[in-house]
There are 2 protein chains.
Amino acid sequence: MSSPVTHIVDDDPAVRDALQWLLKSRGVQSQTWASAEEFLSADSRELCGCLLLDVRMPGMSGIELFDRLRGIGCHLPVIFLTGHGDVPMAVQALKDGAFDFIEKPYDDNALVDKVLAAIGHDAKRCAHANAIRALRQKLEQLTQREQEVMQMILAGKLNKVIADDLGIAMRTVEVHRSHIFEKMQVRSAVELSQLLSTLGG
Amino acid sequence: MSSPVTHIVDDDPAVRDALQWLLKSRGVQSQTWASAEEFLSADSRELCGCLLLDVRMPGMSGIELFDRLRGIGCHLPVIFLTGHGDVPMAVQALKDGAFDFIEKPYDDNALVDKVLAAIGHDAKRCAHANAIRALRQKLEQLTQREQEVMQMILAGKLNKVIADDLGIAMRTVEVHRSHIFEKMQVRSAVELSQLLSTLGG
DNA sequence: GGCACGTTTGCGGAAATCCACAATAGGCAG
DNA sequence: CTGCCTATTGTGGATTTCCGCAAACGTGCC
């Protein structure tokens, strides 16, 4: 897993530098982007850390970038920065899943605290995302037939019933079952069920 | 399950009446409370619907009431109303789990929409809470010993292992197992695992 | 054609689960 | 004291699961 990086998106070079300097002085790695469009061109789905986003920018606004990112499956925690934010905008942003919304001028310590909180939050998210990814990888190792059988196992059906439903011999179901457990690296149907339940959590 | 009610907490009788009238005209049941203290004395944990809360009130503020309610296990969705809200306050409220934050003067249609959204949201929460309650009720039917055995079943242990760990005969474990399935109304360890996984979801 | 892989099936046995019938023992309420 | 609940154990059998050994068939690749 990559180390957390705070991505700063602001059209003003002075602001970018000030933020980067502030974060660096507290030991927080950061990377700057001069526009929403620039950041969008990066592969943001793989990133870990957080996103410091100026609301008002020429071209694409921070809000719009936020929406776009969510649309393409990037769930990096976003902290908005704005010079003249109004309550409805802040409320909407947070309801849409923004992590925080800060008005300029900001307090250095408060901002760093929020960034650290966002990074901490994202660490959990990334860990969970990695667990999900590993699980999907295992699931993809299963053949079509094995996935069918697995569903029926999770439905609590006995091998005999599964065999009847699929119109195959019980022995075949047993073989599939064995392969499923092996590939999923579990030793019982209960473990399998618990492993899969982490997906829908 | 009780039908949803919007609880209005505001010290100004005119505001309370206006809100109640507005909601009634849209078919939304409501109940008014003249102060935070008054609402706190109600058994708010059993309520379904939402909470319209004035931020600034004599005595306990809306924000403080909100915190208190969360503290005592009331998770009714809260919509704050404020005459002169600032961004930091709105942000903090939403981060603490408030459902919405509206500035006065409010738009009637927008407010009703938000109330309806909150009520819809709470319907799901109540349904889930009821499921949890039913599950807890079943769990409480289990004796101490049965709960121990259940944990070990969920850990994927075989009856033989459970018997060894508890220092009792395998037959006894089988009896417990049977009782557990009966009381929890499931027919296999897999179903049990899935039933319990709804708790941690 | 040969080879790998997936799906299928059978045989037979070890191990585990499920269950009815039966019984002992302690705690607790009426 | 009696009845109910809980925990415990045993016997014996039906059912199910788990697994090694063996093999047949089709698809797709080299």
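Naming convention: chains lettered A, B, ... in sequence-line order (proteins, then strands); numbering from 1 in each chain. Quick caveat, the model's predicted, so the values are computed rather than measured.
- Within a 6.0 Å radius of NZ in B:Lys104, other residues, nucleotides and ligands contribute more than 12 heavy atoms.
- Remark: the backbone N or O of B:Ala110 is paired with a side-chain donor or acceptor of B:Asp107 at under 3.5 angstrom.
- Judged purely by atom type and a 3.5 angstrom limit, A:Arg56 has no side-chain atom pairing as donor or acceptor with the backbone of A:Thr82.
- The heavy-atom pair separating B:Glu103 from A:Pro88 by the smallest distance is OE1-CD, 3.4 Å.
- Less than 4.0 Å separates DNA chain D from no heavy atom of any residue of residues 139-151 of chain A.
- The two residues B:Ser193 and B:Leu154 have their closest heavy-atom pair at CA-CD2, 3.7 Å.
- Listed here is the closest heavy atom pair of B:Glu38 and B:Ala34: OE1-N, 3.3 Å.
- Considering only heavy atoms from C-beta on, B:Asp86 comes within 4.5 Å of B:Met89 through its side chain.
- No salt bridge links B:Arg70 with B:Asp67; every basic N to acidic carboxylate O contact stays at or beyond 4.0 Å.
- Around the NZ atom of A:Lys95, the shell of radius 6.0 Å holds more than 12 heavy atoms that belong to other residues, nucleotides or ligands.
- Between the side chain of A:Gln20 and the main chain of A:Ser30, a donor-acceptor pair closer than 3.5 Å is present.
- The pair B:Arg177-B:Glu174 does not count as a salt bridge, with every side-chain nitrogen at least 4.0 angstrom from each carboxylate oxygen.
- Taking the ring-ring contact (aromatic ring centres under 6.0 Å, His included) definition, one finds that A:Phe101 meets it with A:Phe80, sequence neighbours left out.
- Although no hydrogens or angles enter the test, the distance criterion places no donor-acceptor pair under 3.5 Å between the side chain of B:Arg45 and the main chain of B:Gly73.
- Residues B:Leu65 and B:Val78 have side chains not in contact (no heavy-atom distance under 4.5 Å, counting atoms from C-beta outward).
- Using a 4.0 Å cut-off on heavy atoms, the residues of residues 162-181 of chain A that approach DNA chain D are A:Met170, A:Arg171, A:Glu174, A:Arg177, listed by number.
- Heavy-atom contacts of chain A under 4.0 Å fall on DNA chain D between two terminal nucleotides, which in 5' to 3' order are D:dT16 to D:dC21.
- For B:Glu37, the CD atom counts as densely surrounded, since its 6.0 Å shell holds more than 12 non-hydrogen atoms of other residues, nucleotides or ligands.
- Put simply, chain B comes within 4.0 Å of DNA chain C, heavy atom to any atom, from C:dA16 to C:dC21, going 5' to 3'.
- One end of the helix from C:dG1-D:dC30 to C:dG30-D:dC1 points its axis 40° away from the other end's axis, with each axis taken from 5 pairs and the angle rounded to 10°.
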